[in-house]
Structures are given as structure tokens and as C-alpha cells.
J.: 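Before I ask anything, let me first share the structure, which is written out below as C-alpha cells.
Proteins come first, then strands; the chains are lettered A, B, ... in the order of their sequence lines, and each starts at number 1.
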Amino acid sequence: MEWTSKKIRETFLEFYKRKGHHIVDSAPMVVKNDPTLMFINAGMNQFKEYFLGDSEPKNVRVSDTQKCLRVSGKHNDLEEVGVDTYHHTMFEMLGNWSFGDYFKKEAIEWAWELLTEVYKLDKDRIYISVFAGDKNDNLELDGESKEIWKGLIDETRILECDRKDNFWEMGETGPCGPCSEIHVDLRSEEERAQIDGKSLVNEDHPQVVEIWNLVFIQYNRKANGELVDLPNKHIDTGMGFERLAMALQNKKSNYDTDIFMPLINKVVSISGKTYGATDSKQDVAIRVIADHVRAISFSIADGQLPSNIGAGYVIRRILRRAIRYGYSFLALNEPFVNKLVEVLVAEMGGQFPEIKLQQSLITKVILEEEESFLRTLEKGISRFENYAAKNQDKNIDGKFAFELYDTFGFPIDLTELLASEKGLHVDMQEFLNCLQQQKDRSRAATIIKTDDWVTVFDDEREEFIGYDQLVANIKITRYRKVIIKGKEQYQLVFNFTPFYAEGGGQVGDTGHLESNDEKLYVVDTKKENNVIVHFTEELPKDVNKTFKAAVNADARELVESNHSATHLLHEALREVLGSHVEQKGSLVNDKHLRFDFSHFQKVTAEEVKQIEEIVNNRIRKNIALEEIRNAPIKQAREMGAMALFGEKYGDLVRVIKFGSSLELCGGTHVNSTANIGLFKISHENAIAAGIRRIEAITNKTAETFVANQLEELHAVKGLLKNPKNVQGAIKDLLKKNSQLAKQIDALNKDKAKGAKGDLMNEAIEINGIQFIGKELDLDSASIKDIAFDLKGKNDNLFIILGNKVDGKATLTIAISDNLVKDKGMHAGNLIRELAKEIGGGGGGQSAIATAGGKNPEGINVAIEKAKVLLDS
RNA sequence: GGGGAAUUAGCUCACUUGGCUAGAGCGCUUCGCUGGCAGUGAAGAGGUAAUCGGUUCGAUUCCGAUAUUCUCCA
């Protein structure tokens, strides 16, 4: 059978469906609402809350293929991707899960059945590893797994490995357990005859690779390092889709499979180079590009645009790495990555419709980034050339290389390349020192220390009641201390809460907790793994009490006003600009709202006006909120409710309806549109290629804004003595002003001209030089003008002029060019000497110089002194 | 979140102990050569040196704040 990648994926899902698993969609690759993670890096991420026991799974057996992104970690360094043949930034992970249902026996036996009987992998090429135990954690060999495997495979093919390879942990703390890995040996018969495959397991051999990891989650690691048994045991497995394809398609590299070859062929045809699957720089470059375009495209599809912070910065770095490799090793100095999107969509748009639907946006965003980075490269190169020309030694200073990198974004390997072309080398040690210092600085700024949760009393899930109530009597179920930048904070969880946690663009509620004898403030509310966490700066004296929890109602009202207005804005945008408008980001707080959306041109002033009109019309119509709390997602979609790319929805969703505006939304809203009061767009601008941002205000904030504008206008009118036509009055004023300025200019020139004529007559000869020295009643600019003019028109001339402005003195010296050249006279040096007489300092060039000082009486003394100097 | 940098003519950018009438290329305007265009020659216009404050006799230059943009790290 021909195992195309499509067929491999379908077969996997089909197999587990037969084993009673519910097949779910891949979660968006970009993680929201989890501060510990930027991107999905394993299949289990979207099920984390079930492992932690924070919520109850609807299905105990689940299977999927999950888009993952890894750019750092113990086995994945971005700089290594493309160099070898089996690591990727973005990859798919095929997985099956059991949440407290089946455990090791089924997990192992099904994996074996699928690999050997369905995919028909050669049993002789398979090796198994099991956990060998660990003294520090007081854990013994995972004999249970070993016994199960012994029933399936020859014992000699089972390896016992230590915790580095066979004990899986989610993070510093949390659910964990031993795992069992399945490795395959894909080498040729000859190679296998020479070296036993068993000795190559876990040795980073490109053809002896791990393809599947079966994790048996049975412990919870606490902050003090102690392991405790979990009440429910879980299965979490992950199989590398690209590696499986390599095995089934009999290839030596993931890149040779039908997953990557179409992309590689396209790079080949764009660059005019050939691909030889070797480790030459050229082939590495082609692999890097084929890999990275996938990561970037899927991230953009999931709503993450390249930017200079957080997840967006990671995407930008990946894209820039692709461009850099193309630029350095394939001589591609025009944008090219965007041209690959079309190939990717053709290959993967079926399984992942999000990239097909957003193809034009993805292409445009990548193109824009490419152009901007190519500009950065150009500037860096010219900066480097400049430096190299000035410093003709054999070393490129590490500090300079770091400055290029850090401040101007010029990649260090390009600096090295440019240097070696000139026979220079870069002081890498110093560069790395600088980089390390920068890292230390950043890390020190973001230290977060988290204690274990302290359980106050057991309760079922925390419930959110804030849609209906802003005040409630609550009990604290658990709390913990966190230290952020040396500042202590407490995180509290309640049995139920009126506080809305930050999400869907809406900020978290603030408010307070109150009991008889104390009151403490909730400064923020956030969600962590679906649990609502309240942030306070202190802990109540007695956490067992019942507290009155009250949301800051004024702030909440303004937030709701802005949130509902956002929905109306979204709908109006689609009506005015077209249905290509998709939400790309949203922020709603009590001050204003911000809405990012896909659109390719500036929104014109006329369109802004139309949008405001539509929204304000709907506000005036007083449309009542219709809220459906628990609509099945399918039904909600059929109603035509707007959903977002890159957002993960549960089976039951909340639908918010204001007339014809219909959106899936978890946020809080006004009861009726009239509560919004007034809607006003304050800014419209671009934030990225193809993405515009609108900022707007509503309610009291909008009223205040309008009132202030009117007040300002009244004030302006008042200053102009209330003219009928304000604009005309101001235009006249400006015109008059410029006329006056011209007149003054002309008068000054006249005055200077007069002075100039007189001056030449006053010239006296000293030592063969024409000397003019005089104090004039003119402004400094005119004096300079005169001095320049006379010096330009006359050879053999020395002029020194003085004037007084605001009780301060200024001296100006000008010397004809021939004197400077022939006699080596220097106005700058002379004036430094003379400036002492007026109690100041000065300087300038050889032909003209100025000085200032506080002592106007000294002007004439200075002029006399100049005569003496010339005479000597 | 923590650093580094940039902001000068319509555009792209120069300008070091703080004092040069702040310059260049492209573009623009006018005129000339050419039958017209392309081309070419000459002349010219165009600047609050991002904004605000400080130091100084004097700030585009040094210092601080603000705004915008770029960039690295987390």
C-alpha cells in the first residue's frame, strides 16, 4: 500500500475511533489564557485542565492530530532545525488519551497493533524503552510496562532508561509519570549488520528515531519536589506524524516525505538551485525554509502576527531565519517566502481549513515582513561596511557586533560572514558576554515564584455568577502566594464568584472582599487552566470566613458599555467595508475599546463617519440584549454567530445577540444598547500588513471628549472675539503674521545693508591687512550675514563685530579665505582668546567664529585686543 | 515586562571635543537646448533639526521627560 501522509493521518484517527475514542479538532497553535506557555508544544496541552483536575472531561477517550510548535527546549533549538533531518519547528502530533479510563495495558497493546498490523512496520526494526526507576524520587523500575511489552516483543529489544528519557513532566510542578518510548531503526540492511540498532537508541542517530511516546500519568509533583499519587491515572501519547511518514514511505529524512517535498520543489524552482538532501549549506537552507513557512503560516492563521513582543516575536524570528538562509545560501535577495504559502495551502488546506480561508492575509503579512527585514539587512550591511572602513585592523569588536545585532537586528552569523569575506574575524567571546548580560538583565526583571496551592476546603468546580450578580457571599476554597518582581501577591480561588476573569479581550474585574472586621482589594482577576484566580495584595486574617465579594460596579458598567459597542462596531465594519473583515484582536477596558481586524486599506474619513452613524443608530434604537447561555456549538454556528479563528470553543457556547449582531462571546454586556450612550471613534491606524486598528470610546468618556472639544472651540472663538467664520479668521491671522515676518526680515536686511556700506569705509590697515572692528546694534543673525558677505567679497579682510542682546555680549570674527590659507590665521582660536574679555567662551572654524559672554562692556576691549594681536 | 537605538527638506540619508548661514542624491518649480517626447544644461523653492523642559554666553549636537518607530532579550 502507498502510505501518503493524508492516508497515514486518516488511518490513525480511524483506528482510535474504532477503539471508542472521540475525535477532536486540533487546538489553535497559539496559546491564550495560560501564562506558562506561548505555543502548543505537545498534544496534551489542550487537555491540561483534565490532568490537573480543574475540570471534568466530557469524553474519557479522545484522539486527534495536534499542530505543535517548538522553538526551544531540551531537544529543540531553533538554530538546529533544518540542520538535521528529523527536527521541526511546527509538526503534527498524533495522540490518544485516556482520562481516568484505560491505562498501560490498552495503551501499549493498541500502539503495537496499529504500528505492526495496520501500518505494518517491520517488528525487527522496533525498539522499546521503559523507565528504569530513580533513586532521588524513590521510584522503581516500571515493571508493569515491561511485563506488558514482554508479551508482544522479544525481551532483548526492550531497554531500561533513566529519568532523562523516560520520565515525563509537564513543568516544574504538576502531573507527571513514567513513559515508554517506541523507536524505529530505518537504516539499510548493511548498516544494521555492522552496528546493532539497540546501541543507537536515544543517541541522536538520524535514522534510529523515537516515533511514539506513551506517557503514564500517575503522580503530581509538588513545589517542594515531592511526588504524590494522583487519584485518577491518565494516558497521554504522542506520535511524531512526520517521522511516522518517513518510516512508512521508506525515506531517510522527514524532508523527503510528501509532506515537505512540494515545498522543497517550490524553493528549488524559485531559487534555480538544486536540492541534494545533503548537509551542504544550500540544502540546509532549503530545509529551513520548507520547515519555517509551515510554522509561520499556521501561526498567522491562528491569529498570531509577527511583532516585537511575546509570541509574535517568536514568529518573527522564525520567519527572519528563513529569509536569512535564503539570502545567504540561495542568493534570494527578493521576498520569496510568501510565494510558498500557495503550495502549503494546496497540501494542507484540507485537514486545516483555517489556512485556506486566510491564504491572502497570510501571504500579505509574510511579504510585508520580508520586505522590512531585507531593509534591515541592507542597513546592517552598510553599517558594517562603514565600521570596517574606519577600523582597518584584524578584529571586529564583539561590542560592535553586539550593537549591530541588538540595536539594529542584524544577524550575528551574517556579521561573521561579511567579516570573513574581508579576512577579518569577529570577537565572538565578547559578543556572547554581551548577550549573556542582556539575558540576565531580562530574566532578573521577570522572576515569578509560585508556592503550592493551600486548600481551605474541598468544593466542586468554582462557578462564575458575574453575568447576573456583582455582589455575593463567598468562601475561599484555596489560595497561594506568588512573588512577582520581589512583590508578594496572593491568588485566591472561591467557591463561586461575581468577578469576571480576563478573557475574550475584556479585562478582569477589580473590587473588594469584606468581612466584619476587614476589607481587602481584588486588584485583578485572571483565568488559569479554566480556574478563576483573584489577585490580592494581602491574605485575609482568617481564610475560613465567609466574605462579601463585590465587583467595582462603576468600572464594570463602563467595560460592558465598551464591550457591547465592540460587537456593534464589528457588525458595522462588515457592513461598510465588506465581509472580509475578521476580528484579529480586541481589548476592552473601562477607558476605551480597541479592535483589530483584517482589511487592506486605510478606513477613509467618510467610512469612519458611516460606521459611527450605524453604531449610534443602533444605540438609539435601544436594542435589548438576548443572551443564550448554553447553546450547542453546532446550533450556534447554524444561527450564523460569528466565531474567531485561533479561538478554542467548548461544546457549549454563549451567544450574545443585539438585533442582527450575533457573536460567540463569554464577556459581559449592557442590558440594552441605549446604555452605551454615545460611540465615538478616536483613532484608526495600521498595526501590520493587512491589519487595521480602530480605537473608540463610549458612554461618559465619549461625552467628556465631545464636551472638551466644544470647550476648546469656544475658547478659540473667544480669543478671536467670536467671529462668524472661525476658519476664515484664523487664515487671515496666519496670513497677516507671515506678511509681518517678511516685513521685519526686509527691514533688518535694509538696516544691515546700510551698516555694511558704512563698514567698508571704516576699514583701517594693520600690518597689511584690512581691519574692521565695530559694535553694531543688530541681531546676531544679521551680524553673521554681514560678516559672511564682506569676507566673501573682499580678500585680505579681518572683521570683528560685536553686539548686545538681553544684556549679553556676542562677538563674531570673519577672515578672508586667502588669509586663512596663506597666513594660517584661525578665527576659532582667536575668538577663544578674545572671548575672555566679555566673560564667556566661543569657538568656530578657521574662517568664521562666534563667541558669547555676560559682559557687554568687554566688547570694545576685545576689538582693541584684536588690533594688537594683528599688529604683532 | 527589561535593555539598546532612531526621529534632520516631499523621499532616502549625511554632518564629533557644543559655535560651518544644517548639506547630498532623488523628486519638485521655472527657464534654455529639441518639432514633440526621452534626454540634457542652468537657476530656484523647500527646514520650528519629533515635542516639551534643563545645562550653557551659545544646543541639531549634552541631560531629562513625552510621543512615534525600529531592534534585542524574557
J.: In whole angstrom, give the distance that lies between atom CZ of A:Phe373 and atom P of B:U69.
T.: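 So the two atoms are 20 Å apart, to the nearest Å.
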J.: Which pairs, protein N/O on one side and nucleotides 3-10 of chain B N/O on the other, fall under 3.5 Å?
T.:
from	atom 1	to	atom 2	distance (Å)
B:G3	O2'	A:Arg441	NE	3.4
B:G3	O2'	A:Arg441	NH2	2.9
B:G3	N2	A:Asp406	O	3.4
B:G3	N2	A:Asp406	OD1	2.8
B:G3	N2	A:Asp406	OD2	2.7
B:G4	O2'	A:Thr407	OG1	2.6
B:G4	N2	A:Thr407	O	3.0

J.: What I'd like to find out is whether the side chain of A:Phe336 reaches to under 4.5 Å of the side chain of A:Glu370, using heavy atoms alone.
T.: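 Answer yes - side chains close enough.
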J.: For A:Arg383, check salt bridge (Lys or Arg N to Asp or Glu O under 4.0 Å) against everything at least two apart and list the hits.
T.: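 In terms of salt bridge (Lys or Arg N to Asp or Glu O under 4.0 Å), with neighbours along the sequence ignored, A:Arg383 is linked to no residue.
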J.: List for me each residue that meets side chain to side chain donor-acceptor pair (under 3.5 Å) alongside A:Asp440, sequence neighbours excluded, and say none if there are none.
T.: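 By the side chain to side chain donor-acceptor pair (under 3.5 Å) rule, A:Asp440 matches A:Gln436.
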J.: Using atom C1' of each nucleotide, how far apart are B:U56 and B:A42 to the nearest Å?
T.: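 Per the computed distance, 45 Å lies between those C1' atoms.
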J.: Return the value, rounded to whole Å, for the distance between atom CG of A:Asn855 and atom P of B:C57.
T.: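 Roughly 13 Å, once rounded to whole Å.
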J.: Taking B:C15 as the reference, what is the distance to B:A6 when you measure between their C1' atoms (whole Å, please)?
T.: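 Between the two C1' atoms, the distance is 16 Å.
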J.: With a 4.0 Å limit, can you tell me whether A:Lys379 has a side-chain N or O closer than that to the phosphate oxygens OP1/OP2 of B:C13?
T.: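 Indeed, a polar side-chain atom of A:Lys379 lies that close.
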J.: Is any side-chain heavy atom of A:Tyr325 less than 4.5 Å from a side-chain heavy atom of A:His292?
T.: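 No, too far: nothing below the 4.5 Å cut-off.
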J.: Just distance, no hydrogens or angles: give the donor-acceptor pairs under 3.5 Å from side chains in residues 848-859 of chain A, sequence neighbours left out.
T.:
from	atom 1	to	atom 2	distance (Å)
A:Asn855	OD1	A:Glu857	N	3.3
A:Asn855	ND2	A:Glu837	O	3.3

J.: So does A:Gly508 get a backbone contact from the side chain of A:Thr525, meaning a donor-acceptor N/O pair under 3.5 Å?
T.: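 A pair under 3.5 Å: no.
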J.: Separation of A:Met38 atom CE from B:G1 atom P, in whole Å?
T.: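 Rounding to the nearest Å, CE of A:Met38 and P of B:G1 are 13 Å apart.
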J.: Among the candidates B:A74, B:C57, B:U71, find the nucleotide nearest to the side-chain atoms of A:Lys808.
T.: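 Closest nucleotide to the A:Lys808 side chain: B:C57.
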J.: Give, for atom CZ of A:Phe410 and atom OG of A:Ser382, the distance between the pair rounded to the nearest 0.5 Å.
T.: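 If we round to the nearest 0.5 Å, A:Phe410:CZ and A:Ser382:OG are 9.5 Å apart.
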J.: Could you tell me how far B:A9 sits from B:A24 if I compare only their P atoms? Round to whole Å.
T.: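 These two P atoms come out 14 Å apart once rounded.
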J.: Do A:Tyr327 and A:Phe373 make the cut of ring centroids closer than 6.0 angstrom?
T.: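 For A:Tyr327 and A:Phe373, the ring centres are not under 6.0 Å apart.
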J.: Taking only residues two or more places apart in sequence, or in another chain, which ones meet A:Asp397 in a salt bridge (Lys or Arg N to Asp or Glu O under 4.0 Å)?
T.: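 Result, salt bridge (Lys or Arg N to Asp or Glu O under 4.0 Å) vs A:Asp397: none returned.
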J.: Considering every strand and a 4.0 Å limit on heavy-atom distances, what is the contact class for A:Gly409: base, sugar-phosphate, or nothing?
T.: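 Result for A:Gly409 = sugar-phosphate.
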J.: Checking the side chain of A:Thr89 only, and the main-chain atoms of A:Val71 only, is there a donor and an acceptor separated by less than 3.5 Å?
T.: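 The answer is no, because no donor-acceptor pair under 3.5 Å joins these two groups.
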J.: Any side-chain N or O of A:Arg317 under 4.0 Å from OP1/OP2 of B:C72?
T.: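 Checking A:Arg317 against B:C72: no side-chain N or O falls below 4.0 Å of OP1 or OP2.
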J.: Is A:Lys804 touching bases, backbone alone, or none of the nucleic acid, heavy atoms closer than 4.0 Å?
T.: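 Here A:Lys804 touches no strand at all.
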J.: Rounded to the nearest Å, what distance is computed from the CD1 atom of residue A:Ile848 to the P atom of nucleotide B:A22?
T.: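 Answer to the nearest Å: 11 Å.
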J.: With P as the reference atom in both, quote the distance from B:G4 to B:C13 in angstrom, rounded to an integer.
T.: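 After rounding to an integer number of Å, I get 24 Å for this pair.
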J.: Of all the nucleotides listed (B:U71, B:G19, B:G2), which has the minimum atom distance to the side chain of A:Thr850?
T.: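 Of B:U71, B:G19, B:G2, B:G19 is nearest to the side chain of A:Thr850.
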J.: RNA chain B: stems of at least 3 consecutive Watson-Crick or G-U pairs, cut-off 3.5 Å?
T.: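 Paired runs of 3+ in RNA chain B: B:1-7 with B:67-73, B:10-13 with B:23-26, B:28-33 with B:39-44, B:50-54 with B:62-66.
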J.: To the nearest angstrom, how far is A:His826 atom NE2 from B:C20 atom P?
T.: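 Interatomic distance, NE2 of A:His826 to P of B:C20: 13 Å.
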J.: For the atom pair OG1 (A:Thr376) and CD (A:Glu369), what is the distance rounded to the nearest 0.5 Å?
T.: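 Output value for this atom pair is 9.0 Å.
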J.: For B:U55 and B:U48, measure between their P atoms and round to the nearest Å.
T.: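 Going atom to atom, P in each nucleotide, I get 26 Å.
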J.: Measure from CG on A:Asn829 to C1' on B:C20 and round the result to the nearest Å.
T.: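 Taking CG of A:Asn829 and C1' of B:C20, I get 15 Å after rounding.
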J.: Taking only the C1' atom of each, what is the distance from B:C33 to B:G25 in whole angstrom?
T.: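 About 25 Å, rounded to a whole number of Å.
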J.: Phosphate oxygens OP1/OP2 of B:C57: is one of them under 4.0 Å from a side-chain N or O of A:Arg832?
T.: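 Looking at the OP1 and OP2 atoms of B:C57, neither is under 4.0 Å from any side-chain N or O of A:Arg832.
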J.: Can you check the A:Tyr405 OH to B:C70 P distance for me, whole Å?
T.: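 Taking OH of A:Tyr405 and P of B:C70, I get 18 Å after rounding.
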J.: Whole-Å distance between B:C72 P and A:Glu79 CD?
T.: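 Nearest whole value for this atom pair: 13 Å.
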J.: If you assign each of A:Gly852 and A:Thr376 to its closest nucleotide in RNA chain B, which residue comes earlier from the 5' end?
T.: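 Looking at RNA chain B, the more 5' nearest nucleotide goes with A:Gly852.
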J.: What's the gap between B:A22 and B:U61 when it is taken at their C1' atoms, as a whole Å value?
T.: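 About 11 Å, rounded to a whole number of Å.
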J.: Using atom P in both nucleotides, what's the gap between B:G32 and B:C37 to the nearest angstrom?
T.: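 Per the computed distance, 12 Å lies between those P atoms.
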